[in-house]
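So that we are looking at the same thing, I have put the structure below in structure tokens.
Start at 1 with the first residue, then count along the sequence.
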Amino acid sequence: MSVSNKGEGRFEQIHLMDVQMALFHCADGFLKQLMVTKLSQCQYALPLLVPDPFTQQIDFPLSTHKLIKKSWKMRNTNNEIISQIQPIYKAQTPVVSFFRFGSVSSSKSHLMNSLINDKHNTFFHRNCPGSSRTRVLMDGVVEIAWFCPEDESTVIETKKGKYKIGLKDRNQSDVSEELRRTINDCLSESSSTFRLEDVCKHSDIRVDEEDDDDCRRGREAAQQMMSLLQKKDLTEIKESFLPHQGKLWHQWSQKNKELHRPQAHDTEMDISRKQTEMKIIRQQQHESDISEFIKLFIKKLNSYDSNKKTYFIMWLRIFLDEYTSDDLSALHHKYDEKWSTVLKLTGNHATSEQLTAEQTDLEKISEELQAATFGVEHIMREIGQIYESCSSVKKNKKDLQFDFSSLPSLAAEMMISGFPLELMDGDAAHVPVIWISAVLDQLIQKLGDQRVFVLSVLGIQSSGKSTMLNAMFGLQFAVSAGRCTRGAFMQLVGVSDEMKTQMNFDYILVVDTEGLRALEVAGRSTRNHDNELATFVVGLANLTLINIFGENPSETQDEENVSDVTAGEKNKEGRRRLQKTLDEMTKLAAKDEVCSVQCFSEVIRFDVQNDVKYFAQLWEGSPPMAPPNPNYCENIQELKKTIMSHASKSHGMMLIHLQDRIKDLWKALLNEQFVFSFRNSLEISAYRRLETENSKWSWSLRSAMIETENKLHNQIENDVIHEVNEKDLQRELMKTSEEVKKSMSEFFEKDTDTEILIQWKTSFEIKIKELQENIVKETKRKLNEILQQRHLKKKIDDQRTQHENTLHEKSKEFALKLKYKINDEQTLKKEFDLFWEQSVQKIIKDTPPIKDIDIMRDLLRIRTDKEIKWIYFLQRAKEMLGYSEEDETQIRTFVADVAQQTDRMIQSYRFSKMGYNISYIQLLTDYIMQRVTEHQEGPVKYVFKNEFFMDLVLSICKRANKMITDQHRLFRDASDPVKYVENKREEYYSIFQKFYHGAKSAAIFGEIICQKLKEPIEQSVYKKTSRDLADEIRINCESLNGNRLNLKKHILKTLAEQEDFDKYMDYIHNPRDHFNSFIRDEVSWYMTDKFSVSVLPKMKGNFKLLQKKIMKTAHESTKHVQVNSGDVDLWLKSFTQQLSEVLIFSVKDLCGVKHDDVDDFNLLEDVIRQELPAILSDICNRFNIETLTEKLDYTCRPDELLIDHFCQCCWVQCPFCKATCTNTTENHDGDHSVPFHRVTGLKGLKYHKTNYFCADFCTVLVTTSNSFRVSHQWFPYKQYRKAGGVYAKWSITPDLSELPYWKWFVCRFQFDTETHYDKRFECSGNIPREWRKFTKKDAIECFDKCFK
């Protein structure tokens, strides 16, 4: 390093050690401690005595050495070589001091280095890179280093006294060897030792931990706590001082696992019993006393500021480590000996009894190790359990002097200060979810909902995981060979402002884990724990590091540890084998969970070529004096660069999402859903949000196509177009389609959960594309039906036009006949009425009126012929033997599908335009007969009775009766000559008057046009208002403004509020019909409630828009005729063509009205301008909710538009409980699924050969070994897919989620349900007592939590 001297124009080199000391002087106590600890780990000399650069006072930074431990081998009294680990400030060692007098050509530091390790510069010297001639801050600094021999030195006798060794012209290695022998000789004759703490005895040296007030107070507080532990047996401390994390917590953890992993024949009663036992354990845990040790710890944390608190925890860690180190060293030695024995027996293929006995002893030693391990993490674990017990019983502890809700804040502050927090309790093999969630809540409160990138590490014990993380991120995870506290820990690492510009997150959350046990010593429970731990940290992280090298060679398999120069060449085969192994294990797991995954990279993003890194050994040489390998450091930097590269492409996750992810993963692990089938609430939440957006995109496309359909329908009716093809429809939809694509792209790119959502991007793009294709095809079908029916409708329209024109001409003739003969208006009206009655009677005589219809009567008329065919069919059928539960489900599905298809047929008949006749019923019955016959001839094991067919036809016709009748009435009102002509009386009287009074032909023709426009305007405005209302309701109505799941939530809430059992049964057995009815009710309520503030203004607005459009068209037609010197036919052609897209109105509507003499087009335009408002006002005054639904074609109503939007989805029901699949696509790929199932008894499911309901949820049954019967064959619930049919197409995942809704329903409607099915909730189907605690309020409110 160099700086420029501007005055002299030259550069001055800065001594590298001056830089180090500058940093040291500027650092606070914690950074100094970190610097010294890292220097020690790298085998560099440490500052022992440091002159103050301003006062020259000698400082002794004792506290900076407190975390340093050294290990070495020595012989014990039995002459055995043992390892010794000790805090360096406590170690009593001989000391060798080096001084230099005067100027010497050779470097003293260089000479010292050669004595310790001639390959490593422990002491910085003049020949090191970065040295310079001058130094400032390093002058006067005394450095210290430790040499830990391996007990292999020999003492050479020399004479006592002083030694003088010449250096001139001497070989460095010779001098070093001679010097080493001399020092050994001196030390062997001396008994004096040195201890770092002894430096404090010198009064003229300032000790940092005494001089810093916060440091001193933190130490005193820690010593006060340690005084409570004096004379206590280390293996009994936890039981005495930390009772909340002992047996009760372990019992509760075990019970919780049993609860989520039911035994073969567990029922809801067993689950309820376990839940009660868990509550009792929590109560006992809550009643345990808080030790004085914990009280004092909490008190200190609450009373100290951040700096004092950090010193306090630092000192407590140091003292606890010192307190436990001796006993732990002995236990570790004992553990290592026993482990060696087990390995030897395994290699020698010893008898299973011998091996089991030794493994049992090893487990006992391991338990002793866990009991003797006592650190700050155990104290925090105790506080966590105090919090969880209080939270569970919902009250404070009697000996807690403040509210328990403040405890998570303490842990959050510790995390912010850089201390790790235990995430998984390895002793109990359990995640304290309540505690962790509360701490994260507090973390969010203190930091805001920051975005974090989660990095986890996994590997076998002592594989260097923690060392790697500490080196990479400057963390403080425990590092030592052998077993430390079990479990997983998380630590926050802040991202610098500079790095934030490159990253998409604010913190890195590093998750470190205990080492996984070697397979040789792992029993089943340990392997399960390792599986849980590994799955948990891999599932939690955005990126996971897996370290496969360590002290246990059995774990490395065939992977070689080669130099990184040749790694690429030598490890290609190793990579290939690794990829093969991962893929094989993935396939096995997928097969076990009935999943189609084929390779590892389908589950976890992994590139075997780029994501496998080979590391050099950590130490360059043999410990304890070996320095870190420079290649290892380079590997660390390369790995960190790779991690940061991956991280820069990730958005991590929000802290609130991390909280949910922890809950989801642990819940999945409790249910043993290790790989593919666990429910991720983050994904569920994101997916529901995506479905809501998809609902908007779908509605945009449907709404646009409805507009297009209406426009083209008008043009067909006006004879403007004569064919419809898909390309035209797609072109009409192009603009909306592009807008939807843009909206989709923005959603997937900009949503906060974009990394989660990206997995569904392609599938939803395909969904939208398929929807677009389907609505185009469906619109084409409907419009082509209109085209095909047009010639039939033409006869009706022509007849009506003929009647209108006949009346028009006769009115004109009669008016001219009476002209000037009658003076008063009353007499004129009487004459017209007499004329009108005579004219109408003639029309009635020539055209019989359209009669009312009776569908049920028509059904009886065709029944006789059908019964003959049906009886013949039954004669060919096999004898009826009854039907099973599966048969009933199959029949219900069949009936629902027939009903759905016949609904579509009925809608396609367009009764409002074409009218009704008995042939439509004939077509329906023929279709139903065909479907029944096809179904009966299929692979079914039952025969329908004679009544079934007619009951089915009767049921469908009853469903359709009102709709057909209402639509036929519209047709009759529009087409029946008597009705139609009677409605036109006043209009024709007005025209009659104008003829009588000699009005100009243009004025009369203008009024006729206005009268002809009245019905088309009414229809156009009603349709437009209906579409606008559907848009508005979908946005503003709470139940209809989201996805299908949101609609379902509101239906269930409404059912609970109404408490109508019959409606519940309708919902359970006929979900589609119930959804339709609910939507109709919601639309009806909205329109009624918002009529004056929304519906009427909307309609008036549409009238104004249409009036403006008509007047603009009339004006442009007038200009067109005047410019082209045209006649009235040109004006009429221009006028009707411009309106053909918005009104069903064409030249043919006026073809019988003589208008050849119309030539004043300005007058014609003025008359239309004057007459039109009165006509529109008349329509508007008659407008109400009833007229909107009565006047509109059934398919154009707002409720039907919304039903079509929401109900074109999957309606398949769970074969066990009849819950309806929530997939939004009909005939979708993949399995059927539903977020929450029901009590199976609600379908009527009972125990075999009993009259007792099954009171279990499907999601519980599939975890048991209970069986169910299909077609006289039994299948285990665990393997329900093997039953085939609908069972094979359902995904039912184990779930013990507390959803009170159906539990409340069973209790509230127990009597009704029992009466309905003629079964009982008794014996095995007894209702658990816990269920009866749920209220209607609980049932309703649970949805806000579960469907968020």
Side-chain angles (χ1 to χ4, degrees), residues 20-40 46-68 87-90 137 140-142 144 195-230 292-323 375-376 379-380 402 409-419 446 474 476:
Q20 175 184 302
M21 293 313 298
L23 291 172
F24 188 82
H25 286 301
C26 294
D28 64 7
F30 302 111
L31 182 54
K32 285 179 181 177
Q33 189 179 69
L34 179 62
M35 288 176 65
V36 170
T37 303
K38 293 294 183 184
L39 286 170
S40 175
L46 314 179
L48 176 66
L49 299 176
V50 182
D52 187 299
F54 302 105
T55 66
Q56 297 304 308
Q57 168 73 45
I58 302 298
D59 289 333
F60 172 37
L62 176 60
S63 65
T64 64
H65 296 73
K66 290 292 175 103
L67 296 182
I68 301 171
I88 205 63
Y89 75 97
K90 287 283 186 184
L137 297 177
V141 174
V142 177
I144 189 170
R195 196 170 65 163
L196 202 59
E197 283 184 324
D198 295 340
V199 179
C200 301
K201 296 175 183 178
H202 296 275
S203 59
D204 54 343
I205 294 177
R206 186 170 61 193
V207 182
D208 62 345
E209 61 187 54
E210 296 295 339
D211 190 57
D212 188 317
D213 191 53
D214 286 347
C215 182
R216 180 174 50 78
R217 288 188 179 182
R219 184 187 64 194
E220 290 170 355
Q223 287 171 336
Q224 186 182 354
M225 286 197 66
M226 293 304 298
S227 67
L228 299 173
L229 302 181
Q230 297 305 314
E292 291 301 318
F293 184 83
I294 294 296
K295 287 180 185 176
L296 184 58
F297 181 82
I298 296 172
K299 180 182 177 183
K300 297 296 183 186
L301 287 186
N302 276 323
S303 60
Y304 287 162
D305 61 26
S306 177
N307 200 48
K308 288 191 183 75
K309 194 181 297 181
T310 307
Y311 272 118
F312 164 62
I313 295 170
M314 179 197 79
W315 281 111
L316 187 59
R317 289 173 65 185
I318 291 169
F319 291 150
L320 285 173
D321 197 37
E322 180 184 333
Y323 182 75
V376 173
I379 298 172
M380 295 308 298
F402 43 84
S409 178
L410 302 178
E413 288 171 3
M414 287 181 63
M415 281 195 74
I416 294 169
S417 297
F419 291 100
K446 295 175 187 297
Q476 299 181 40

Taking side chain as C-beta onward, heavy atoms only, is Tyr89 less than 4.5 Å from Ile318? yes
Going by atom types only, do Gln230 and Tyr323 share a side-chain donor-acceptor pair under 3.5 Å? no
Taking all atoms of both residues into account, what is the closest heavy-atom pair of Pro51 and His25, and its distance?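 Closest heavy-atom pair between Pro51 and His25: O-CE1, 3.6 Å.
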Backbone N or O of Ser63 within a donor-acceptor pair of the Asp208 side chain at under 3.5 Å?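 Here the side-chain-to-backbone pair exists.
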Any side-chain heavy-atom pair from Phe24 and Leu31 closer than 4.5 angstrom?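 Answer no - side chains too far apart.
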Would you name the heavy atoms of Ser417 and Ser306 that are closest together and state the gap between them?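 Residues Ser417 and Ser306, closest heavy atoms: OG-OG, 4.0 Å.
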Quick one: are Met314 and Lys66 in side-chain contact, heavy atoms under 4.5 Å?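 No, too far: nothing below the 4.5 Å cut-off.
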Starting from the C-alpha separation in whole Å, work towards a yes-or-no answer on side-chain contact (heavy atoms from CB on, under 4.5 Å) for Met225 and Leu320. CA-CA 10 Å; Met225 286 197 66; Leu320 285 173; over 6 Å; no
Under a 3.5 Å distance rule, please check whether Trp315 uses its side chain to pair with a backbone N or O of Arg217 as donor and acceptor.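 Side chain of Trp315 to backbone of Arg217, a donor-acceptor pair under 3.5 Å: no, none is there.
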Hey, does Val141 have a side-chain heavy atom less than 4.5 Å from the side chain of Leu49?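 No, their side chains stay 4.5 Å or more apart.
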Judged by atom type as modelled, is there a donor-acceptor pair below 3.5 Å linking the side chain of Ser40 to the main-chain atoms of Val36? no
Neighbour count >12 (heavy atoms, 6.0 Å) for atom NZ, Lys299: no
Spatial distance of atom CZ (Arg216) from atom CG (Asp211) [nearest 0.5 Å]: 9.5 Å
For Lys308 and Ser303, test the side chains for any donor-to-acceptor distance below 3.5 angstrom and give the result as yes or no. no
Do the side chains of Thr310 and Asp214 get nearer than 4.5 Å, heavy atoms only? no
CG on Leu296 to OG on Ser227, rounded to 0.5 Å: 8.0 Å
Set out, in order, the CA-CA distance, both residues' side-chain angles and the distance that settles side-chain contact (heavy atoms from CB on, under 4.5 Å) for Phe312 and Gln224, then state yes or no. CA-CA 11 Å; Phe312 164 62; Gln224 186 182 354; over 6 Å; no
Rounded to the nearest 0.5 Å, what separates atom CD1 in Ile294 from atom CE in Met380? 9.0 Å
Is any side-chain heavy atom of Leu67 closer than 4.5 Å to a side-chain heavy atom of Leu34?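 The answer is no; the side chains never approach within 4.5 Å.
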If you round to the nearest 0.5 Å, how far is NZ of Lys38 from CG of Leu46? 13.5 Å
dist Met414:CE -> Ile313:CD1 (nearest 0.5 Å) comes out at 3.5 Å
Closest approach of Lys32 and Ala27, non-hydrogen atoms and distance?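 Distance-wise, the nearest heavy atoms are CE-O, 3.4 Å.
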For a quick test of reading the model, state the closest non-hydrogen atom pair linking His65 to Ile88 and the distance between them. O-CG2, 3.9 Å
Report yes or no: is the cationic atom of Lys309 (NZ for Lys, CZ for Arg) closer than 6.0 Å to the six-membered ring centre of Tyr304, at no more than 45° off its axis? no
From CZ (Arg219) to CG (Asp212), nearest 0.5 Å: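 CG of Asp212 is found 10.5 Å from CZ of Arg219.
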Answer with yes or no after comparing the ring centroid distance for Phe30 and Tyr311 against a 6.0 Å cut-off, counting only values under it. yes
Using every non-hydrogen atom in the two residues, find where Lys90 and Arg195 come nearest and quote the distance to one decimal.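 Shortest heavy-atom contact: O-CD, 3.2 Å.
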Would you say that Val50 contacts Leu137 through its side chain, given a criterion of any heavy-atom pair below 4.5 Å between the two side chains?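 The answer is no, as the side chains (C-beta and beyond) never meet within the 4.5 Å cut-off.
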What are the two closest non-hydrogen atoms of Ile379 and Phe297, and how far apart are they?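 Residues Ile379 and Phe297, closest heavy atoms: CG2-CD2, 3.5 Å.
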A side-chain contact here means heavy atoms from C-beta on lying under 4.5 Å apart; do Val199 and Val207 qualify? no
Please check if the side chain of Thr64 supplies one atom and the backbone of Pro61 the other of a donor-acceptor pair under 3.5 Å. yes
Check step by step if side-chain contact (heavy atoms from CB on, under 4.5 Å) holds for Leu316 and Lys300. CA-CA 11 Å; Leu316 187 59; Lys300 297 296 183 186; over 6 Å; no
Taking it one step at a time, do Leu196 and Ile144 satisfy side-chain contact (heavy atoms from CB on, under 4.5 Å)? CA-CA 10 Å; Leu196 202 59; Ile144 189 170; 4.1 Å; yes
